[in-house]
Trainee: 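Here it is, the structure, as C-alpha cells.
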There are 2 protein chains.
Amino acid sequence: MAVKVYGPAYASAARRVVVCLIEKDVEFEIIHVDLLKREQKSPQFLKLHAIGMVPVIQDGDLTLFEPRAIIRYYAEKYASRGMDLLGKTTEERAIVEQWLEVEAQNYQLPVYDLVVQIMYHPKMGLSSDEGLIKESEEKLGKVLDVYEERLSKSRYLAGDFFSLADASHLPFTQYLVNDVRKGYLIREREHVSAWWEDISNRPSWKVLKL
Amino acid sequence: MAVKVYGPAYASAARRVVVCLIEKDVEFEIIHVDLLKREQKSPQFLKLHAIGMVPVIQDGDLTLFEPRAIIRYYAEKYASRGMDLLGKTTEERAIVEQWLEVEAQNYQLPVYDLVVQIMYHPKMGLSSDEGLIKESEEKLGKVLDVYEERLSKSRYLAGDFFSLADASHLPFTQYLVNDVRKGYLIREREHVSAWWEDISNRPSWKVLKL
C-alpha cells in the first residue's frame, strides 16, 4: 500500500521527504494540502498533526510528522533497500546525524531568512530587511566554509556515501541557487560546488526540481 | 576510557548530553570550555568543531558534535544498557524522533527567546523586547497545548517509556520554570505538569540541576 504524503508537492519539507522515499524505492502518493487556503490548520488536518504543519505521512496504522523524523524512519525501516542513507555502522550513523543536525540547526535558518526577505517580501509588497539579508548571508558563508573544509576530505558530508545529511540539504539549497540567486555562495567554493553538482543531479531530485 | 565532554557543565546543550550519558551508564569527564573567554572559538577548539559550539565529545577515535546527534549515538550504541531511550521497534523510534524534532524545531526557540529577553538582556543592561516576550509565550502555549493533549494519552511524549524526546526537554524547561519564572505555563496544564514533575525528578537530572 502506497505511503500517503500530506502536503503540497512544492513544499520544501515535503520534498525533503519525497526525495528520500524515491531513494528508498518506497511507493507513495501525494495528498494535496492547500497552504494558501490554510488547510493545514483545518480540524481534519489537525487530527493528523495537532501543530498543523506539512508534511505528515500515513503508512498503515502509523501517522508521522516532522520531515527529518520521517526520513530517518524510512532509511532505517528499509535499511537494505535502495540507497543506504544512514551508513553501515553506529559510528557512521552518528556522523550522518551530526551533519543532519548541522543542516537543521545552522544551515536552514539563514537560507530561510534569505528566501523570506528576497523572494516573499517583494511578492507581498513588503520591504526587505537589508540588514537581515546581509547577516544571513554572512552566517551562511561561515557554515559553507565549514562544509568546504569537510568536503575537501570526503565526497559527501558524512563520508564517502550519499546520506540523509546530503539529501536534507536539497530543497533549501535549490531555493538558494535558483530562487534567491545566491548560487555564487556555492560556486565560489570548489568542493561545495562539486558536491552540489553531484547531489542535485541525482535522478531522485531531478524529478522534483521545480 | 571515559568519554570526554567539552563544554561548561552549566550549558544547556552540554546538560542535554550529560543527562543521557548518566541514563546510559556511560562514564564521562567534563573538559571545561570557558564561553565567556570565547574558548569555543579558539584554534584548538575549532579543530574539534569548526563551527565552534559546545558540546563536543571525544570517545576513542570518534569526535562528535551537535547534542542531539550525540545522544542518539549513545542511545543506539548502548541500546540494552541503562534506560532504553529509543523504544524497542523501528516504529517506536520513529515516534521518539518525531517528538525530539518537535522539541528542536518548535519548543526550543520560544523558550530560548524568553531566556534571552527576560534573563540576559537585563543582565547586559539591554531593554527587553516585550512584543517578542508576548509572542514567544503565545507560541510556546500552543506547543504546550499539543503536549497536554498528547500526555493525556501516554505518560511520556513518545509512549509509555521515558525517551530521548523527554530527556531533550529537560534543560530548557528548567530555564523556563526556574530562571524566567514562567512555571505557570507548565503548572496550568495538568498532564504537562505531571510529566514535568516526573522527568525533572529523575536521579540523572537531579544531580545536574543548578
Side-chain angles (χ1 to χ4, degrees), chain A residues 13 41 46-47 49-53 56-57 59-79 86-87 89-109 112 139 142-150 153 158 164-165, chain B residues 13 41 46-47 49-53 56-57 59-79 86-87 89-109 112 139 142-150 153 158 164-165:
Chain A
K41 303 291 180 186
L46 291 175
K47 276 184 207 159
H49 182 7
I51 300 179
M53 294 170 81
V56 176
I57 64 103
D59 187 348
D61 290 338
L62 181 72
T63 301
L64 200 62
F65 46 84
E66 284 296 334
R68 296 181 190 81
I70 298 170
I71 62 179
R72 285 179 175 106
Y73 173 65
Y74 286 103
E76 191 174 314
K77 182 175 179 183
Y78 300 120
L86 284 171
T89 63
T90 309
E91 283 66 30
E92 283 184 357
R93 174 158 185 173
I95 304 297
V96 171
E97 294 287 354
Q98 169 182 283
W99 291 104
L100 190 54
E101 285 288 327
V102 170
E103 185 271 328
Q105 301 289 334
N106 300 95
Y107 186 81
Q108 178 173 280
L109 184 62
Y112 171 86
K139 265 190 205 165
K142 282 184 191 169
V143 177
L144 286 171
D145 285 343
V146 171
Y147 288 13
E148 178 66 8
E149 164 71 13
R150 170 70 189 168
K153 292 178 188 148
L164 290 186
Chain B
K41 304 290 180 188
L46 291 175
K47 277 184 206 158
H49 181 8
I51 300 179
M53 294 171 79
V56 176
I57 63 103
D59 187 347
D61 290 338
L62 181 71
T63 302
L64 199 62
F65 46 84
E66 284 296 335
R68 294 180 192 83
I70 298 170
I71 63 179
R72 286 180 175 103
Y73 173 64
Y74 285 103
E76 192 174 314
K77 182 175 179 182
Y78 300 119
L86 284 171
T89 63
T90 309
E91 283 67 31
E92 283 184 357
R93 174 158 185 174
I95 304 296
V96 172
E97 294 287 355
Q98 169 181 282
W99 291 104
L100 190 54
E101 285 288 328
V102 171
E103 185 270 330
Q105 302 288 336
N106 301 95
Y107 186 82
Q108 178 174 279
L109 185 61
Y112 171 85
K139 266 190 205 165
K142 282 184 191 168
V143 177
L144 286 171
D145 285 344
V146 172
Y147 288 13
E148 178 65 9
E149 164 71 14
R150 171 70 190 168
K153 292 178 188 148
L164 290 186

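We name chains A, B, ... by the order of the sequence lines, and we start the count at 1 in each one.
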Trainee: Of the listed residues (B:Val96, B:Thr90, B:Leu46), which shares the most heavy-atom pairs with chain A below a 4.5 Å separation?
Mentor: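 Among B:Val96, B:Thr90, B:Leu46, the one with the most close pairs to chain A is B:Thr90.
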
Trainee: Do you know the tightest heavy-atom contact between B:Ala13 and B:Pro67?
Mentor: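 The pair with the smallest heavy-atom distance is O-CB, 3.7 Å.
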
Trainee: Considering only heavy atoms, which portion of A:Glu66 lies under 4.5 Å from any heavy atom of chain B: side chain, backbone, both, or neither?
Mentor: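 For A:Glu66, the side chain is the part near chain B, not the backbone.
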
Trainee: Which atoms of B:Gln105 come close to chain A, meaning under 4.5 Å heavy atom to heavy atom: side chain ones, backbone ones, both, or neither?
Mentor: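 Side chain of B:Gln105 only, per the 4.5 Å heavy-atom cut-off to chain A.
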
Trainee: For the residue pair A:Ile95 and B:Thr63, what are the closest heavy atoms and their distance?
Mentor: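 The answer is CD1-O, 4.3 Å.
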
Trainee: Got a sec, which residues hit side-chain hydrogen bond (donor to acceptor under 3.5 Å, both in side chains) with B:Glu91, two or more places apart in sequence or on another chain?
Mentor: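 For B:Glu91 the side-chain hydrogen bond (donor to acceptor under 3.5 Å, both in side chains) partners, ignoring immediate neighbours, are A:Tyr73.
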
Trainee: For the backbone of B:Glu103 and the side chain of B:Gln108, can you confirm whether one donor and one acceptor N or O come within less than 3.5 Å of each other?
Mentor: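 Checking the backbone N and O of B:Glu103 against the side chain of B:Gln108, no donor-acceptor pair under 3.5 Å is found.
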
Trainee: To check you understand the geometry: which heavy-atom pair defines the closest contact between A:Tyr107 and A:Val143, and what is its length?
Mentor: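 In terms of heavy atoms, the two residues are closest at CD1-CG1, 4.3 Å.
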
Trainee: Given a strict heavy-atom distance threshold of 4.5 Å, which part of A:Asp59 is in contact with chain B: side chain, backbone, both, or neither?
Mentor: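 No part of it gets close to chain B.
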
Trainee: With chain A as the partner, which of B:Arg68, B:Lys77, B:Met53 has the greatest number of non-hydrogen pairs under 4.5 Å?
Mentor: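 Highest number of heavy-atom pairs under 4.5 Å: B:Arg68.
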
Trainee: Counting only heavy atoms closer than 4.5 Å, note whether A:Leu62 contacts chain B via side chain, backbone, both or neither.
Mentor: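 The side chain, not the backbone.
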
